[in-house]
Every structure is written in C-alpha cells, then in structure tokens.
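Contents: one structure, followed by commentary.
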Amino acid sequence: MSQEYIYEVCPKCSTANIQQLDKESWFCLDCDWDNLTEIATGNDELLTSLLHGDIHSRRIAAQSLINIGDVDRHLASPTDIDAMLKALDDEDSDVRYFVAVALGKLDARDCLKRLKQLAQDDGSALVREGAQTAIEQIESHVEKE
C-alpha cells in the first residue's frame, strides 16, 4: 500500500519551489531541473505529446520545455511557439504552468498578451505565477535592448 505525501517544501533541498504532478509524483524546479530527460529526436514528438498525449505525457513534454536555454538540452525554438500557445489552453494546470515558464525562457514576445491574460485570469495560482514570471523575463529582455 503506497502512502500519499503532501509536501510544502522539497524533501531534497527544502525549497518551496515544488509542484505535485500526480498522486505520487513531485517536481522541484530547484533540484529536479537538471534531471529532466533529454529529448534527442527533435521537437516533433515532444510537441505531439504536448498537444495530444495523455495527461502524464503532456506533463513530461511541458516539463521538458523548461530546459530552453540549456545549451546541452536546447529543446524549443521560435517555430514551436504556435504549439506552445495551444498548450496554454490545456485542462491541466501543470501543463499550462510549465509551458508559460518555457515561453518566458524562449523570450516569446508575441505571447505577452496571452501570458498577461493567464497571469490575471487563470484559475490556478501556480499558472498565474508562472505566467507572471514569464512576463517579467520577457519584459526584462525588452528593457535591456
């Protein structure tokens, strides 16, 4: 019999930057980030999973997208933005959160209006937070130019 745990902080690093993915899965942006699986076959399979996979596949695909900017695991490119925008409408808040964060890392300026809408209106506090983080990242790049 498995026991369900509720974490307010990561049991590995003790930060509050943790999100429950399902009954038995947790993801910490601080210590699990470097352990995400590299998608070596390109983005087509990743984006297909993001848009059409089951809940677990969509979450894994969305998590993988946050590695944008990681030289060894650069996964998304500006040509992937359309699929990512569609994923912002996913029924799962974890998928929406990870995609919003990924759009910020990608500096997707064309998505600012949609991200601002999420930051204001999404039913999930986590998604609103992720969208706000993405907005701040994008706007900080704009200010530096």
Side-chain angles (χ1 to χ4, degrees), residues 2 4-10 13 15-145:
S2 70
E4 186 175 334
Y5 294 99
I6 305 290
Y7 297 111
E8 292 188 18
V9 296
C10 176
C13 69
T15 65
N17 210 0
I18 189 165
Q19 173 66 29
Q20 185 173 6
L21 300 176
D22 58 33
K23 217 173 175 182
E24 299 175 10
S25 299
W26 293 83
F27 182 83
C28 174
L29 279 173
D30 295 318
C31 63
D32 290 332
W33 182 277
D34 291 329
N35 296 324
L36 290 174
T37 305
E38 180 177 347
I39 309 293
T41 58
N43 292 347
D44 290 344
E45 290 178 28
L46 176 69
L47 296 174
T48 298
S49 292
L50 178 67
L51 296 176
H52 306 291
D54 62 21
I55 187 70
H56 186 68
S57 297
R58 293 193 322 269
R59 285 179 178 168
I60 290 171
Q63 287 173 16
S64 296
L65 288 169
I66 64 174
N67 280 318
I68 294 166
D70 183 325
V71 175
D72 296 326
R73 295 181 290 194
H74 186 80
L75 295 176
S77 68
T79 59
D80 301 327
I81 289 176
D82 287 340
M84 294 167 71
L85 276 171
K86 289 177 186 172
L88 288 177
D89 293 323
D90 196 279
E91 66 188 49
D92 184 70
S93 61
D94 293 330
V95 171
R96 295 192 312 274
Y97 167 77
F98 285 118
V99 170
V101 171
L103 286 168
K105 289 179 155 294
L106 192 56
D107 194 22
R109 296 172 189 190
D110 294 342
C111 301
L112 269 174
K113 182 178 178 182
R114 179 67 173 106
L115 288 168
K116 287 179 179 181
Q117 178 186 15
L118 275 181
Q120 183 176 0
D121 299 333
D122 198 272
S124 166
L126 183 70
V127 174
R128 291 191 306 270
E129 180 183 318
Q132 187 59 45
T133 299
I135 292 164
E136 291 168 5
Q137 277 188 304
I138 293 168
E139 289 178 343
S140 74
H141 286 117
V142 171
E143 290 172 5
K144 290 178 183 177
E145 292 178 353

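The chain is numbered in sequence order, starting from 1. Just so we're clear, the structure is a prediction, and the values are computed from it rather than from any experiment.
Interatomic distance, Ile81 CD1 to Arg109 CZ, rounded to the nearest 0.5 Å: 11.0 Å. The distance from the OG1 atom of Thr133 to the NZ atom of Lys105 is 10.5 Å, given to the nearest 0.5 Å. From Met84, atom CE reaches atom CG of Leu51 across 10.5 Å, with rounding to the nearest 0.5 Å.
Ion pairing between Asp92 and Arg58 fails under the 4.0 Å rule for side-chain N and carboxylate O.
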Test side chain to side chain contact (heavy atoms under 4.5 Å, CB included) on Arg114 and Leu103; report intermediate values, then the result. CA-CA 11 Å; Arg114 179 67 173 106; Leu103 286 168; over 6 Å; no

Assess whether side chain to side chain contact (heavy atoms under 4.5 Å, CB included) is satisfied between Leu88 and Leu118, documenting all intermediate values. CA-CA 8 Å; Leu88 288 177; Leu118 275 181; 3.5 Å; yes

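When all heavy atoms are compared, the tightest approach of Gln137 to Val101 is OE1-O, 4.0 Å. Taking each heavy atom of Glu91 and Arg96 in turn, the nearest pair found is O-NH1, 3.2 Å. Nearest heavy-atom pair, Ala131 versus Ala119, reported as atom, atom and distance to 0.1 Å: CB-N, 3.7 Å.
Heavy-atom neighbours of Asp89 CG from other residues, nucleotides or ligands within 6.0 Å: above the threshold of 12.
Test Leu50, Val127, Val95 against Asp90 for side-chain contact (heavy atoms from CB on, under 4.5 Å) and you get one pass: Val95.
Using a 4.5 Å heavy-atom cutoff, the side chains of Leu85 and Cys111 are in contact.
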